[in-house]
Amino acid sequence: MPATRGKPLQLFDSMTRMLREFVPVRAGKAGIYSCGPTVYNYAHLGNLRAYLFTDTLRRVLLFKGYAVTQVMNITDVGHLTSDADAGEDKMEKAAAQQHRSVWDIARHYTDAFLADMAALNILPPDHQPKATDHIQGMIDFNRKLEAAGHTYLLPDGLYFDTSTVPDYGRLGRLDIEGQKAGARVADTHGKRNPTDFCLWRKSPADSRRLMEWDSPWGTGAPGWHLECSEMSLRFLGAPFDIHTGGIDHRQVHHCNEVAQNMGFLGNGDAGVRYWLHNEFLVLGDDKMSKSKGGFLRLQTVLDQGIHPLVYRYFCLQASYRKPLEFGWEGLKGAGAGLKRIHLRVAELAARAGADTATRLRDAVANPLTADVAALSTPLADGARRYLADLDAALSDDLNTPRALAALNTLLADDALAATDALRLAALFELVLGIRLLAMTADDLNLRAKDAALTDDRISALIEERNLARKNRDFARADAIRDELDAGGVLIKDGPQGTTWEWKPA
RNA sequence: GGCGCCGUAGCCAAGUGGUAAGGCAGAGGUCUGCAAAACCUUUAUUCGGCGGUUCAAAUCCGCCCGGCGCCUCCA
């Protein structure tokens, strides 16, 4: 079996700002480092979009036959909310507000984060190192930077001298001169260059931080940019293939990582072959005020009776490199679309036969081990075309909207044999992760948080309605239907009787 | 002040030189006591505005309008 298949994968690299063909450092393998969450609060939907993006990237590489290693950090060290001494430590602030230890805070929000990832069907990274487990590594990293002359000491800590590496800020297309002239240049409190950043922050002499460690530069905590450099190079080696993160990291965090890596590696190379950044989820007006503050969690979506995978599907409808407009209308629209897709796949499964459906479901249950070549083997010409469409879309910088368009088209293609169509659905599922074969449309219906009707009450009402219908008391029957509708329950009358489901709030 | 992004039908959105994917909603139909659900059919002479380049532009260039991100922690 070839190590890779399909068209060359084109990825938009932030360093060159160009589409570049993916050529791995090691043939047949791909290493990804994804900037993970700081666990001082719940992840919001925008954060989660970033992880859906990295998951798609990973699934596409797997689909194309690469052996993928993905590393995602968990930032459980508090970092200051500003570069000035007066800044607050996010972790410590959360701990103080909630009267819990910083370690409790970290554990709680890490667990919540992992639960969100699972709900979204995001494959767990191969490694999820916590920053606090790598303090010694970061200290060693700094020692090397210090020995190579990239650092200097200020009263409040150890700093990286960005003038010691060539072309600082290229990744972010930073205009250093322009920033100097600007009105918003931060207090440099002795920094040699405005862009210099902290590698080790000393605890104030008169107080202790809740999280602090001893180091050659005094007791304190590592600089925020350090952990990603240390852990990415430790787990993936240098150079490694792909580094991902939100677009907001392109200008500061990742520029600093590049500088650190260059200083550390000492060969004029940052050790990262492709930098990929996802755009933001943006909040339009819509009914967003309902949750005011714009802090929307996955739980917020669940409370509306909307399945987590609907959010995944919603994100897949847009390019990861374009801002995505969030709105409830759009999300519910995605829900309706995803539901119809599931209904069609279920119909295909019925036509293809239970044995085939079960076999295919099991074959794609684990994208890490799924045999794409075997799945795509007996496929009629008319079906092959859709596989080519899928590959072409994904190879074009992970164009999932196009992949979804192909999926919709193939599900409506009457010329396809049911087995072929279902096989294609299985292949699409490997990359999309919307549980096409492992879930049904019914599974998408969730009870909204404020739904008042109980299942028993609903059953009783339906029974009463059916009796009224039998007696041709349609006024009563319709009144019951309206009552159920008002309660968020959708009635479905069919030849086999009446069923019901929850509607999104 | 600097750097960068976006603006395509009611909504989300693909498309970046060759004459507008896909989904949702809407409309019509089948079904139904009527509906809903489901299924079938259908829906942008037009891509924020104004100029320009070109045989040809949503796609390239200029200006303008609107929205957003980063420059301080942030996906």
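Chain letters run A, B, ... following the sequence lines, proteins first, then strands; residues in each count from 1.
The residue A:R173 sits close only to the backbone: its heavy atoms come under 4.0 Å of sugar-phosphate atoms, none of a base. Within the nucleic acid shown, A:L343 comes within 4.0 Å of sugar-phosphate atoms alone, with no base atom in reach, counting heavy atoms only. Heavy atoms of A:H249 sit under 4.0 angstrom from primed sugar atoms or phosphate atoms, though from no base atom. Residue contacts shown for A:N278 include a base, since a base heavy atom lies under 4.0 Å away. Among the protein residues, A:G46 comes within range of the nucleic acid bases, having at least one heavy atom under 4.0 Å from a base atom. Using a 4.0 Å heavy-atom distance criterion, A:F53 is classed as making no nucleic acid contact. Nucleic acid contact class of A:T499 (heavy atoms, under 4.0 Å, all strands): none.
Comparing B:C34, B:C39, B:G2 against the side chain of A:Q251 picks out B:G2 as the nearest. Distances from the side chain of A:V252 to the nucleotides B:A75, B:C71, B:C24 place B:C71 closest. Set against B:A75, B:A25, B:A14, the side chain of A:F280 has B:A75 as its closest nucleotide. Looking at the side chain of A:S319, the nearest of the listed nucleotides B:C24, B:G69, B:A14 is B:A14.
The pair A:E279-A:R49 does not count as a salt bridge, with every side-chain nitrogen at least 4.0 angstrom from each carboxylate oxygen. Using a cut-off of 4.0 Å between Lys/Arg side-chain N and Asp/Glu carboxylate O, A:D126 and A:R58 are scored as salt-bridged. Between A:D161 and A:R192, at least one side-chain nitrogen of the basic residue sits less than 4.0 Å from a carboxylate oxygen of the acidic one, meeting the salt-bridge criterion. Note on A:R465 versus A:E483: no salt bridge recorded, every NZ/NE/NH1/NH2 to OD/OE distance being 4.0 Å or above.
Under the side chain to side chain contact (heavy atoms under 4.5 Å, CB included) criterion, A:K492 pairs with A:D442, A:T499, A:E501, sequence neighbours left out. Here A:T16 pairs with A:D13, A:M18, A:R20, A:R170 under the side chain to side chain contact (heavy atoms under 4.5 Å, CB included) rule; sequence neighbours left out. Shown here are the ring pair (Phe, Tyr, Trp, His ring centres under 6.0 Å) partners of A:H108, two or more places apart in sequence or in another chain: A:Y42. With sequence neighbours excluded, the residues forming a side chain to side chain contact (heavy atoms under 4.5 Å, CB included) with A:L446 are A:L302, A:H307, A:P308, listed by chain and number.
Comparing A:A334 and A:L281 against RNA chain B, the residue whose closest nucleotide sits nearer the 5' end is A:A334. In this structure, A:G246 and A:T409 both approach RNA chain B, and ranking their closest nucleotides by distance from the 5' end singles out A:T409.
Applying the 4.0 Å criterion to OP1 and OP2 of B:A13, one finds that A:N399 has every side-chain N and O outside that range. For the pair A:N47 and B:A75, the criterion of a side-chain N or O lying under 4.0 Å from OP1 or OP2 is met. Close to B:C24, at under 4.0 Å from its OP1 or OP2, lies a side-chain N or O of A:R340.
With rounding to whole Å, A:Y168 atom OH is found 11 Å from B:C71 atom C1'.
For the 3.5 Å distance criterion, the side chains of A:H225 and A:H254 fail to qualify, holding no donor opposite an acceptor. For A:Q10 and A:D397, the side-chain atoms include no donor-acceptor pair closer than 3.5 Å.
Comparing the P positions of B:A21 and B:U46 gives an interatomic distance of 15 Å, to the nearest angstrom. Nucleotides B:C5 and B:C63 have their P atoms positioned 14 Å apart, rounded to a whole Å. Going from the C1' atom of B:U32 to that of B:A36 covers 9 Å, rounded to whole Å.
The base of B:A75 sits with one of its N or O atoms less than 3.5 Å from a complementary donor or acceptor on the side chain of A:H44.
For RNA chain B, the residues of residues 480-495 of chain A within the heavy-atom distance limit of 4.0 Å (strictly under) are A:R481, A:L490, A:I491, A:K492, A:D493, sorted by number.
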Could you pull out the protein-nucleic contacts involving nucleotides 7-12 of chain B (nitrogen or oxygen on both sides, under 3.5 Å)?
| from | atom 1 | to | atom 2 | distance (Å) |
| --- | --- | --- | --- | --- |
| B:C11 | O4' | A:E329 | OE2 | 3.3 |

